[in-house]
Engineer: 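Below you'll find the structure I mean.
All of these numbers come straight from a predicted model, not from anything done at the bench. Convention: sequence-line order gives letters A, B, ...; per-chain numbering from 1.
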Protein chains: 2
Amino acid sequence: MTTDRPLRADAARNRASLLAAATAEFAERGFDASVADIARRAGIGKGTVFRHFPTKDDLLAAVVLDRIDGLAALARELIEAPSPGPALRQLMEAAAGQQRQLDLSFLREAGGVNARLDDARTDLFASITALVERAQAAGAIRPDISGLDVILLMCAPNYVVSYVPDPAPDLWRRYLAIIFDGLSPDGAGPLPA
Amino acid sequence: MTTDRPLRADAARNRASLLAAATAEFAERGFDASVADIARRAGIGKGTVFRHFPTKDDLLAAVVLDRIDGLAALARELIEAPSPGPALRQLMEAAAGQQRQLDLSFLREAGGVNARLDDARTDLFASITALVERAQAAGAIRPDISGLDVILLMCAPNYVVSYVPDPAPDLWRRYLAIIFDGLSPDGAGPLPA
DNA sequence: AGCTAAACGGACCGGGCGGTCAACTTGTTA
DNA sequence: TAACAAGTTGACCGCCCGGTCCGTTTAGCT
């Protein structure tokens, strides 16, 4: 299908700065950031953006993709960690700390726009599930928690913080700490649903 | 300023169905729901919408207002409740259960668009703070929690659930339970920030 | 019933968006 | 260095949105 001819030098450069600009802009303004603004920030023309990514959605997918890849890589490492409880927490901190506003959007079905994205998500999901199971075996977290629970909850601090007027840059740690405590095995009663 | 002449009968009817339609539409599609769609759903013309609310923001404010008023009323009641811990939880459940997607947006400065909204928010905040303090005095939740923490966290379940493909209608209870457990006094170590 | 002002509604406007295109520039290769 | 393909660009298109306006309808009063 795609003949993988190597990218021309300037094209590669533009692609990189485009990705950086998109990451920043999406982080600051959310998905509503306009393509024109992103292009301006990257110092390239709007047309060039669409040459690299046929659609704004594809651009977002690319941005989100390497976040997920990074997280998945970390998760894979952490599976081997000696103490699974702290390892799980470390992963959640990495997730909450690095992303800002991108949030949970990557959970949406990519609709085949980007098959790589679907793979990465599946991969991340598998690693997190393994991590969770190890943490449960070690008695670090309650047994009725799933990998999905963790994925969902690790994004909550960012969401919550995004609504406080002048958030301290690491305020998210506060809410992550509370949520992580909620995962501990001495909680009251079984979880609904 | 505003001479409070009583509303004409049809105008009152329209205003009511407009509010209902706006509530539903905002809940389903978020703030991006178009005014035209809301008008159509209410069975009125678009111009009529702007007659009742000069701006889309004002319409949202009105919708949000009675959510907050309702919550504030409940909070005020619950302050007198015999067991403050469950009372606080009940409030958080009411907040998480009734709203869908409106989320935390009401925390944004209304910018004077609607002074009533600011008042209601302040009122809710005060009642929740009182509730929290009583719960702390009873040893039901950890002492380093603020009213703001509770407001933020009680909206998280809804956010989180909105990203799962086919959520059970009360899946939010699951995440609220986890979060509420995180508020309990036997958490590990002091909270950051 | 008849009158008036309140209320209605939809064509219309300006602006911003995602996406396209054809003329132009530039890296690459022989 | 010549020539071509790959890459760039910004003007442009169509669409949709929030908001306006004015001709029309209608509730309420006498």
Engineer: Scan residues 34-42 of chain B against DNA chain D and write down, sorted by residue number, each residue with any heavy atom closer than 4.0 Å; if none is found, say none.
Structural biologist: B/S34, B/V35

Engineer: Listed by chain and number, what are the side chain to side chain contact (heavy atoms under 4.5 Å, CB included) partners of A/R134, not counting sequence neighbours?
Structural biologist: A/I79, A/P84

Engineer: Apply side-chain hydrogen bond (donor to acceptor under 3.5 Å, both in side chains) to A/S127 and list each qualifying residue two or more places apart in sequence or on a separate chain.
Structural biologist: none

Engineer: Using heavy-atom distances to pick each residue's nearest nucleotide on DNA chain D, tell me which of A/H52 and B/K56 is more 5'.
Structural biologist: A/H52

Engineer: Which residues satisfy the salt bridge (charged side-chain N to carboxylate O under 4.0 Å, His left out) test with B/R8, sequence neighbours excluded?
Structural biologist: B/D10

Engineer: Could you state the NZ-P distance from A/K46 to C/dT20, rounded to the nearest angstrom?
Structural biologist: 11 Å

Engineer: Please list, in 5' to 3' order, the outermost nucleotides of DNA chain D lying under 4.0 Å from any heavy atom of chain B.
Structural biologist: D/dC17 to D/dG28

Engineer: Using distance only, find each side-chain donor-acceptor pair of residues 182-189 of chain A under 3.5 Å and give its atom names and separation, not counting sequence neighbours.
Structural biologist:
unit_1: A/S184; atom_1: OG; unit_2: A/D181; atom_2: O; d: 3.1
unit_1: A/S184; atom_1: OG; unit_2: A/D186; atom_2: OD1; d: 3.1

Engineer: Identify, between A/F50 and B/G45, the residue whose nearest nucleotide on DNA chain C lies closer to the 5' end.
Structural biologist: B/G45

Engineer: Of all residues at least two apart in sequence or in a different chain, which pass the side chain to side chain contact (heavy atoms under 4.5 Å, CB included) check with B/R89?
Structural biologist: B/E93, B/A177, B/F180

Engineer: Strictly under 4.0 angstrom, non-hydrogen atoms only: write out the protein contact profile of nucleotides 25-30 of chain C, one letter per nucleotide from the 5' end, B, S or -.
Structural biologist: -BSS--

Engineer: Base, sugar-phosphate alone, or nothing: which one does B/A12 contact when heavy atoms must sit under 4.0 Å apart?
Structural biologist: nothing

Engineer: List for me each residue that meets side chain to side chain contact (heavy atoms under 4.5 Å, CB included) alongside A/D69, sequence neighbours excluded, and say none if there are none.
Structural biologist: A/L65, A/R116, A/A120

Engineer: Taking only residues two or more places apart in sequence, or in another chain, which ones meet A/D149 in a side chain to side chain contact (heavy atoms under 4.5 Å, CB included)?
Structural biologist: A/I145, A/S146, B/R174, B/Y175

Engineer: Side-chain atoms of residues 47-54 of chain A: list all donor-acceptor pairs with protein atoms under 3.5 Å, sequence neighbours left out, distances to 0.1 Å.
Structural biologist:
none

Engineer: Please name all residues satisfying salt bridge (charged side-chain N to carboxylate O under 4.0 Å, His left out) with A/D119, sequence neighbours left out, ordered by chain then number.
Structural biologist: none

Engineer: If only atom types and distance count, is the side chain of A/S34 paired as donor or acceptor with the main-chain N or O of A/D37 below 3.5 Å?
Structural biologist: yes

